[in-house]
Amino acid sequence: MSKYTESPWLYSQNTVSGSNGSEMVAEVYGFDTLEKKANGKLIAAAPDLLEALIEAPIVSRFSKAEDFISAYEQWRDKYKTPALKAVQP
């Protein structure tokens with residue numbers, strides 16, 4: 001996987017930048033202010049969402065449904081906040 005700007009990424013006005021503010025990650029566009037803000041927040045959440053996907057439990061790795069459910073619940077609780085951060089107004 002290629003290297004990307006370290007998280008957290010921050011959205012401000014029309015740009016997403018690395019946490020130190022010196023590296024611009026993306027310039028954000030949208031038809032209106034609300035769409036632009038939603039796009040910016042989603043882009044800023046990308047590193048956290050990628051981590052959540054990488055850490056997601058895979059059903060085929062569990063021999064018992066109960067073990068998968070337990071792993072899924074732990075994963076869900078750990079990554080709920082980063083996912084919500086991407087979609088909350």
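Counting from 1, the numbers follow the sequence of the chain as shown. Because the structure is a prediction, the values reported are computed rather than measured.
- Cluster annotation: Leu50 is connected to Tyr11 through the hydrophobic network of ILVMFWY side chains, with a link wherever side-chain heavy atoms come within less than 4.5 Å.
- Remark: Asn39 CG to Asn14 CG distance equals 11.0 Å, nearest 0.5 Å.
- For the atom pair CD1 of Ile69 and CZ of Phe62, the computed distance is 10.5 Å after rounding to the nearest 0.5 Å.
- The two residues Val28 and Lys36 have their closest heavy-atom pair at CG1-O, 3.2 Å.
- In this structure, CD in Gln13 is found 12.0 Å from CD in Glu27, a value given to the nearest 0.5 Å.
- Pairs of residues two or more places apart, or lying in two chains, never qualify as side chain to side chain donor-acceptor pair (under 3.5 Å) while including a residue from residues 62-78.
- Around CD of Glu35, the count of heavy atoms belonging to other residues, nucleotides or ligands within 6.0 Å exceeds 12.
- Contact between Ile43 and Ala26 at its shortest, heavy atoms only, is CG2-CB, 4.0 Å.
- To the nearest 0.5 Å, the span separating OG on Ser19 from CH2 on Trp9 amounts to 11.5 Å.
- For the side chain to side chain donor-acceptor pair (under 3.5 Å) condition, the pairs that include at least one residue of residues 48-58, sequence neighbours left out, are Asp48-Lys85, Glu51-Tyr79.
- The structure places CG of Leu49 at 11.0 Å from CD1 of Ile54, a figure rounded to the nearest 0.5 Å.
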